[in-house]
A.B. asks: 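Right, I'll just put the structure down here and ask away after.
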Number of protein chains: 2
Amino acid sequence: MRDVVTQLAESRIREVANEGLGRNGVLKFWFGESDEVTPDFIRDAAIASLQAGETFYAHNLGLAELRSAIATYTEDLHPGRGTDHWFERLAVTSGGVNGLMLASQMLVDAGDEVVVVTPVWPNLVAQPRIMGAKVKAVPLRVVAQGADTGAWALDVDALLASITPSTRMLILNAPNNPTGWTLTRSEQATILAHCRRTGTWIVADEVYERLYYAGDTGNGAASSFLDVAEPDDRLIVAHSFSKSFLMTGWRLGWLVLPATLTREVAKLIEFNTSCAPVFVQRAAVAAMQRGDEVTPALVAHLKACRDTLVPLLQAVPGVRLAQPKGGMYAFFSIDGQPDCLNVAKRLVREAGLGLAPGSAFGTEASGWLRWCFASRDLERLEEGVQRLAGWLDKA
Amino acid sequence: MRDVVTQLAESRIREVANEGLGRNGVLKFWFGESDEVTPDFIRDAAIASLQAGETFYAHNLGLAELRSAIATYTEDLHPGRGTDHWFERLAVTSGGVNGLMLASQMLVDAGDEVVVVTPVWPNLVAQPRIMGAKVKAVPLRVVAQGADTGAWALDVDALLASITPSTRMLILNAPNNPTGWTLTRSEQATILAHCRRTGTWIVADEVYERLYYAGDTGNGAASSFLDVAEPDDRLIVAHSFSKSFLMTGWRLGWLVLPATLTREVAKLIEFNTSCAPVFVQRAAVAAMQRGDEVTPALVAHLKACRDTLVPLLQAVPGVRLAQPKGGMYAFFSIDGQPDCLNVAKRLVREAGLGLAPGSAFGTEASGWLRWCFASRDLERLEEGVQRLAGWLDKA
């Protein structure tokens, strides 16, 4: 067994969730998924495919129909290059996480230096470590005053200073899980220009692109590196059907890469999972073709969730947080409660409230808690805040 | 981009298959899958799960129901330790290939030495290379005389001599794709004893375990390393639902590992694909619970396929092959035709016959061709041999 694998942390979120095993009535906001079932028409497309007997291997890069649908989707969001352009740059993957792992396999030799902006979904740090990389974390900082007090923000200069010609890969997740931090187009352009000079690959986890509520971009989505990059830039963008189409359990995502890498990633897909099931891909084609029936309503609902939860949390004495611009998480600290793992476990046992500990996402987020606000019923969020407030009253 | 990825060979099988694009009437025996659709009751279980709304994340190691079903299946084939024992040693993976990749990630640091017995499915050689390993191939040898003339056989002493305390991992695939070579229990015990001395991990790809036709073992299946190993031996056995349950396109498999590694592999699953879809796992539970309705009939049919194809091929002038004991491939050479890639491409274009070139599986198999005999209709096999014979007549 490799030391590097032994040293990978087990999920602290799962450690908290284990406290809930066998307990009834726990309100679970710990995982990054909505409690809404995938829409009927998407499931029906998979069912029709299964009934038609589509149970054989598929192309490594995905069904041509699905790549076409994703190309159209990408051109709609980032217009100008045409669907044929995007088609040649797309690879369907077995989930967003799988696409990100393929990116690490493609780029990272053992001993390479990788920079990651944290706090972040722990998988993004683990993947280059599995490939033997040295991972350097560049932490976001909590804004101490002004309108954004309690928000997490990037010190762009500090990030650029950490990226040198020795840096093989920069991993960014914005809109960010767990903090809700986002990148502006101008920040993306600045980071890209610097990485062009250092020869560093940018791997951008943009799975929360559509879950953006600020309304300050042309397409309604968060700004993407695809909007500032040239086709041959050292850039890989990872996407998932999980968040924008309510398809977490389907394990389907895609990568956008330079066209020269498409054949290379096809080899890696062959050696990792070979392909995604055809019937899963058929569901995704339906999701893309009728995405207007899903994503806009979902984003509006998530905004309502955010706008319900955040003010209620802000009204709880001792709780500190800013309103996130994107993503599906409220990330907050509680005065006088620095041990978030212990707090999260006690909240499960003593209040029936399931949250994720901030320490799962980076040491700088110790003392914070993540609340996934993707809830079908807004009352669940209100009930959760009551449980938190009641528990704090007694604590 | 890493050199090691650029240097990975693209699939030569796909290179041949590309010759068939746009051609009608090609008889395709190139891929390792049956042309039979997954049985209805298995598809129905997935459909019921989708209709019930099981579209959320699952446990990294798989549904408890599925692990229980696989534990029962394993205990039936390899009795004595009990289902609880096996349950603790099982991890559900996103296909057999994914399980094997996880094994390489778990065991192989960059620079480690890995021994692989070839010819073999090329993915098994590529996976440790992706992890930065130095791969040493130990070739099987073609039997030149006696009853087994034309079969591929292992020189056990040569294999043992190649495995030293520097050897981190030994990869074996028996019953073997493409040659049909199998290991006897006594050979497995000898190899295991040697690897205990050198501290070498054995990764056994036993996905063809059930596709065994010799009838010389107690359980009807090919001998397994699980039959000779102790629970804490350095052994990982990879399995798949693809071959024994006609589920290639579902991308589901499992690993049997020492119980101490189960939590470790759960972490790697989280970071690679997170989990397999619940509805796919429900299908697999059905496949396991009613496996008696699928696998015995499938094996009997594949034996009929083999017994149809092999004598017909042996009767073609210049064609040389032995009857394989296991697997689903006839592997043969043609006198005077050393360039198998070219022959395979010409057969597609000029005879409408799709075979896989032996060179895809190892340099020592240049000049050989692989024919997947998993065909619903035996006439397809007969028609294929006629096309081959007719082409050779004119060649």
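Proteins come first, then strands; the chains are lettered A, B, ... in the order of their sequence lines, and each starts at number 1.
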A.B. asks: Salt bridge (charged side-chain N to carboxylate O under 4.0 Å, His left out), that's the test. Do B:K267 and B:E264 meet it? Break it down for me.
C.D. replies: CA-CA 5 Å; B:K267 293 190 290 187; B:E264 303 298 329; 3.0 Å; yes
A.B. asks: Mark yes or no for whether A:T6, through its side chain, and A:R2, through its backbone, hold a donor-acceptor pair below 3.5 Å.
C.D. replies: yes
A.B. asks: Would you mind telling me which of A:P122, A:A126, A:A110 has the largest number of heavy-atom pairs within less than 4.5 Å of chain B?
C.D. replies: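 Counting heavy-atom pairs under 4.5 Å, the top option is A:A126.
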A.B. asks: Are any non-hydrogen side-chain atoms of B:T273 and B:R251 less than 4.5 angstrom apart?
C.D. replies: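 SC-SC contact between B:T273 and B:R251 ruled out.
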A.B. asks: Short question: side chain of B:E33, backbone of A:Y57 - any donor-acceptor pair under 3.5 Å?
C.D. replies: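 It does hold such a pair.
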A.B. asks: Tell me, side chain or backbone of A:R14 under 4.5 Å from chain B's heavy atoms, or both, or neither?
C.D. replies: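 Just its side chain gets close to chain B.
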A.B. asks: Using a cut-off of 6.0 Å, state whether more than 12 heavy atoms not belonging to A:R263 lie near its atom CZ.
C.D. replies: no
A.B. asks: Where on B:V280 is there a heavy atom nearer than 4.5 Å to chain A: the side chain, the backbone, both, or neither?
C.D. replies: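 For B:V280, the side chain is the part near chain A, not the backbone.
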A.B. asks: Between B:G132, B:S274, B:A276, B:G95, who has the most heavy-atom pairs with chain A when the cutoff is under 4.5 Å?
C.D. replies: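 Of the options given, most contacts go to B:S274.
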A.B. asks: Which atoms of B:A283 are under 4.5 Å from chain A, going by heavy atoms: the side chain, the backbone, both sets, or neither?
C.D. replies: neither
A.B. asks: Evaluate the criterion side-chain contact (heavy atoms from CB on, under 4.5 Å) for residue pair A:L107 and A:I236; output intermediate values, then yes/no.
C.D. replies: CA-CA 10 Å; A:L107 301 177; A:I236 299 179; 4.0 Å; yes
A.B. asks: Checking heavy atoms, do the side chain of A:A266, its backbone, both or neither come under 4.5 Å from chain B?
C.D. replies: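 Neither the backbone nor the side chain of A:A266 comes within 4.5 Å of chain B.
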A.B. asks: Would you mind telling me which of A:L246, A:T260, A:D109 has the largest number of heavy-atom pairs within less than 4.5 Å of chain B?
C.D. replies: A:D109
A.B. asks: Which region of B:E36, side chain (C-beta onward) or backbone (N, CA, C, O), has a non-hydrogen atom less than 4.5 Å from a non-hydrogen atom of chain A, or is it both or neither?
C.D. replies: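 B:E36 touches chain A through backbone heavy atoms alone.
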A.B. asks: Using a cut-off of under 4.5 Å for heavy-atom pairs, which of A:L102, A:V5, A:L124, A:D112 has the most such pairs with chain B?
C.D. replies: A:V5
A.B. asks: Give the member of A:H59, A:R168, A:Q105, A:M131 that has the highest number of heavy-atom pairs under 4.5 Å with chain B.
C.D. replies: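 Most heavy-atom pairs under 4.5 Å with chain B: A:Q105.
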A.B. asks: Checking the side chain of B:S375 only, and the main-chain atoms of B:D377 only, is there a donor and an acceptor separated by less than 3.5 Å?
C.D. replies: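 Present.
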A.B. asks: Would you mind telling me which of A:M101, A:M1, A:R234, A:M247 has the largest number of heavy-atom pairs within less than 4.5 Å of chain B?
C.D. replies: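 That would be A:M1.
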A.B. asks: Side chain, backbone, both or neither: which part of B:S242 has a heavy atom under 4.5 Å from chain A?
C.D. replies: side chain
A.B. asks: My understanding is that only one of A:K28, A:R380, A:R376 makes a side-chain hydrogen bond (donor to acceptor under 3.5 Å, both in side chains) with A:D35; could you say which?
C.D. replies: A:R380
A.B. asks: Please list all pairs passing the ring-ring contact (aromatic ring centres under 6.0 Å, His included) test where one or both residues lie in residues 253-280 of chain A, with sequence neighbours left out.
C.D. replies: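 For residues 253-280 of chain A: A:Y73-A:W254, A:H239-A:W254, A:F241-A:W254, A:F279-B:W250.
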A.B. asks: Among B:S11, B:G253, B:G53, single out the residue with the greatest number of heavy-atom pairs under 4.5 Å to chain A.
C.D. replies: B:G53
A.B. asks: Determine the option with the most heavy-atom pairs under 4.5 angstrom with chain B, choosing from A:V278, A:D3, A:N272.
C.D. replies: A:N272
A.B. asks: Top residue by heavy-atom pair count (under 4.5 Å) with chain A, among B:L261, B:D44, B:V108?
C.D. replies: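 Of the options given, most contacts go to B:V108.
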A.B. asks: Just give me the residue among B:I42, B:N98, B:N123 that pairs up with chain A most often, heavy atom to heavy atom, under 4.5 Å.
C.D. replies: B:N123
A.B. asks: Without hydrogens or angle criteria, can the side chains of A:Q127 and A:S104 be said to hold a donor-acceptor pair below 3.5 Å?
C.D. replies: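 Absent: no donor and acceptor within the cut-off.
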